[in-house]
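Everything on this sheet refers to the single structure shown next.
As a basis for the values below, the full set of heavy atoms in this structure was taken, side chains included, without hydrogen atoms, waters or symmetry mates.
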Amino acid sequence: MSQPPLKKKSSNTRRIGFLAGLVILLAVFFFWNRSMQDAKPGQAGAVDPKTVPVPVELATVISRTMPVQIRTIGNVETVSTVTLKPQIEGRINGIYFEEGAFVQQGQLLFAIDTQSIEASLAQAQAIVSKDQSLVAQARANLVKNQTAVRQAQANLDKDLAQLEYARTQEKRFASLLKDEFISVDQYDQAVTARKVAEATVDSDRAAIQNAKAIVAADASTIASAQANVRADQALVESARIQLRYGKIHAPFSGRTGRLQIHVGDTVKIGDTPLIRLDRLNPIDVGFSIPEQSLKSVRTAGRTRQFPALVETRETPPSQLSGVVDFLDSTVDTNTGTIRMKARFENAERKLWPGQFVDVVLNLAQQPNAVVIPTQALQSGQQGDYVYVAVNGKAEMRPVVMDRTVKNLTVIRSGLAAGEQVVTDGQFQLSNGSLLKVKSGLNVKSESSKPAAAPSAPEGN
């Protein structure tokens with residue numbers, strides 16, 4: 001009967017303990033908040049920068065020659081890319097490289113079965129030999145018939161002389177018959193002889209015409225036979241070309257892609273891709289620049305072949321130097337940029353097709369540029385600014401930044417050479433804060449030498 005009162009007493013004890021703990025936590029929070037209000041907001045340890053010096057690092061603003069550059073992102077492109085396809089139909093007899101391997105120009109890559117083409121070539125060569133024999137026979141007939149024409153002409157000449165003699169005899173016998181020195185029969189014989197001579201001459205002329213027609217026919221036969229020979233020789237040459245297509249060689253040195261076929265596969269003309277081949281040396285990098293930079297690029301291009309530098313994004317990065325060799329003829333109206341290309345020697349294959357790289361174009365050199373370390377530059381709602389050390393105090397000064405070259409920033413206005421800027425500790429400063437110099441970070445002022453071009457582009 002005594003159990004319920006015990007449980008109630010235990011519950012009250014836990015409630016009292018919880019309330020006591022809560023009161024202690026509230027007290028601790030109150031005293032901590034009071035101490036934070038006594039300290040100046042934003043300053044650790046309640047340090048007043050107007051009375052307590054802030055440890056900082058300083059660097060001297062200098063004047064030096066700096067490169068004028070354009071930075072952008074480029075994409076690696078091959079100079080040449082081909083997809084090899086068969087130009088004859090047949091079975092693949094051999095593959096003489098490993099997919100993904102580098103091959104040399106002229107290297108044998110594939111062999112296609114050419115037995116049927118070899119048979120066609122032998123047949124075409126036999127037809128050529130036969131037609132050449134026909135040409136020779138037609139020429140022999142021509143020579144023989146030309147001789148017949150000459151013989152007929154000789155017979156005509158002889159018979160013309162006999163005709164002339166017969167006509168003379170006929171006239172003489174007619175005179176003798178008139179004076180009755182010969183008989184009529186003798187005169188008739190002379191007339192008959194003249195008629196026979198005329199008939200012989202007519203026959204000779206007909207024979208000459210016939211012989212000439214035969215010679216013309218022989219010439220036509222020769223021309224036709226020669227045309228057949230040329231057609232057959234074209235078939236032979238076509239078969240030889242087809243035979244050469246049975247061996248597929250690399251058109252240039254480059255890297256092969258993935259194999260599309262294997263030994264034993266049957267391929268068709270222009271229908272089956274065999275392999276893709278990319279030329280990797282030299283190699284191009286394509287990129288775009290804003291149209292506002294076009295004038296500077298054109299000016300640099302007119303005076304010299306300006307260099308281009310690329311750096312890959314791998315670890316560690318690879319760097320290559322090349323020359324800009326292409327500027328597009330029009331500005332892209334959608335993006336306001338113009339396309340360019342630079343070519344690089346890539347014997348070590350540091351650049352790969354499709355790879356994204358950082359591109360730097362060195363257009364010119366700017367003398368007497370005002371330069372500070374990049375870490376001195378700060379950005380606020382009103383723009384860029386720096387803290388300048390003036391009589392041991394920090395002066396917040398707005399500046400206009402021109403560009404960044406590696407770890408240096410070129411200032412267009414707001415600073416002068418010889419002034420000192422804060423490079424570390426800015427977040428504890430306000431305008432007028434006292435300064436305690438820890439160390440200095442000085443930029444080398446080599447006015448006689450231009451700043452080295454950066455090995456890779458960095459953000460402005």
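Between I261 and I95 there is a side-chain heavy-atom pair separated by less than 4.5 Å. Between V359 and M340 there is no side-chain heavy-atom pair separated by less than 4.5 Å. You'll find the side chain of S288 stays beyond 4.5 Å of the side chain of T72, heavy atoms only. Put simply, the side chain of V400 does not reach to within 4.5 Å of the side chain of D384, judged on heavy atoms. For the pair V357/S318, no side-chain contact is recorded, criterion being any heavy-atom separation below 4.5 Å from C-beta on. D284 has its side chain out of reach of F326: every pair of non-hydrogen atoms, C-beta onward, lies at least 4.5 Å apart. Side-chain contact between V61 and V388 is absent, with no heavy atoms from C-beta onward closer than 4.5 Å. Considering only heavy atoms from C-beta on, I338 stays 4.5 Å or farther from E291 through its side chain.
Residues F252 and D278 share a closest heavy-atom pair of CE1-C, 3.9 Å. Pairing each heavy atom of M66 with each of A369, the nearest pair is CG-CB, 3.8 Å. Shortest non-hydrogen contact noted between I70 and S293 is CD1-CB, 3.5 Å. Counting all heavy atoms, side chain and backbone alike, A394 lies closest to N431 at O-OD1, 3.5 Å. Between E98 and T256, the shortest heavy-atom distance links the atoms O-OG1, 3.5 Å. Of all non-hydrogen atoms in P373 and L408, the two that sit nearest each other are CA-CD2, 4.5 Å.
Under the 3.5 Å distance criterion, the side-chain polar atoms of N75 are matched with a main-chain donor or acceptor of G354. T147 places a side-chain N or O within donor-acceptor distance of the main-chain N or O of V143, the cut-off being under 3.5 Å. N145 contributes no side-chain N or O that, together with a main-chain N or O of V149, makes up a donor-acceptor pair within less than 3.5 Å. With N281 contributing its side chain and N346 its backbone, the two residues share a donor-acceptor pair below 3.5 Å. In this structure, Q420 contributes its side chain and G418 its backbone to no donor-acceptor pair below 3.5 Å. Between the side chain of Y385 and the backbone N or O of G380 there is no donor-acceptor pair closer than 3.5 Å. Between the R313 side chain and the Q355 main chain, no donor and acceptor come within less than 3.5 Å of each other. Side-chain atoms of E419 come within 3.5 Å of backbone N or O of A416 as a donor-acceptor pair. In this structure, the side chain of T65 does not engage the main chain of P367 through any donor-acceptor pair within 3.5 Å. In terms of modelled atom types and a separation under 3.5 Å, the side chain of S238 and the main chain of A234 share no donor-acceptor contact.
Note that CD of Q226 is 10.5 Å distant from CD of Q233, once rounded to the nearest 0.5 Å. Note that CZ of F344 and CG of L280 are 15.0 Å apart. Values are rounded to the nearest 0.5 Å. Here CG of L434 is found 6.0 Å from NZ of K393. Values are rounded to the nearest 0.5 Å. The distance from atom CZ of R258 to atom CD1 of I275, rounded to the nearest 0.5 Å, is 8.5 Å. For the atom pair R255 CZ and L277 CG, the distance stands at 10.5 Å (nearest 0.5 Å). Atom OG of S116 is separated from atom CD of Q242 by 9.5 Å, given to the nearest 0.5 angstrom.
Considering R343, R339, R279 in turn, R339 is the only one that fulfils the salt bridge (Lys or Arg N to Asp or Glu O under 4.0 Å) rule with E77. No option in I117, N93, I248 other than I248 meets the side chain to side chain contact (heavy atoms under 4.5 Å, CB included) test with I112. Q375 pairs in a side chain to side chain contact (heavy atoms under 4.5 Å, CB included) with only one of the listed residues (V422, T423, T409), which is T423.
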**Prompt:** Could you go step by step and tell me if L429 and L435 meet the side chain to side chain contact (heavy atoms under 4.5 Å, CB included) rule?
**Reply:** CA-CA 9 Å; L429 297 178; L435 301 179; 3.6 Å; yes

**Prompt:** Run the side chain to side chain contact (heavy atoms under 4.5 Å, CB included) check on V56 and D424 step by step: do they pass?
**Reply:** CA-CA 5 Å; V56 296; D424 184 59; over 6 Å; no

**Message:** Determine whether T312 and K350 satisfy the following criterion, side chain to side chain contact (heavy atoms under 4.5 Å, CB included), listing intermediate values before the conclusion.
**Reply:** CA-CA 8 Å; T312 62; K350 294 181 179 180; 5.5 Å; no

**Message:** Using the rule given for side chain to side chain contact (heavy atoms under 4.5 Å, CB included), can you reason through H249 versus L108, listing the C-alpha separation, both sets of side-chain angles and the distance that settles it, and then say yes or no?
**Reply:** CA-CA 4 Å; H249 300 82; L108 178 63; 3.8 Å; yes

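Surrounding CD of Q123 are at most 12 heavy atoms belonging to other residues, nucleotides or ligands under 6.0 Å away. In Q107, the CD atom is crowded: over 12 heavy atoms of neighbouring residues, nucleotides or ligands sit closer than 6.0 Å. No more than 12 heavy-atom neighbours from other residues, nucleotides or ligands sit within 6.0 angstrom of CZ on R276.
Taking a cutoff of 4.0 Å between a charged side-chain nitrogen and a carboxylate oxygen, R71 and D358 do not qualify as a salt bridge.
Side-chain polar atoms of S433 and S430 form a donor-acceptor pair below 3.5 angstrom.
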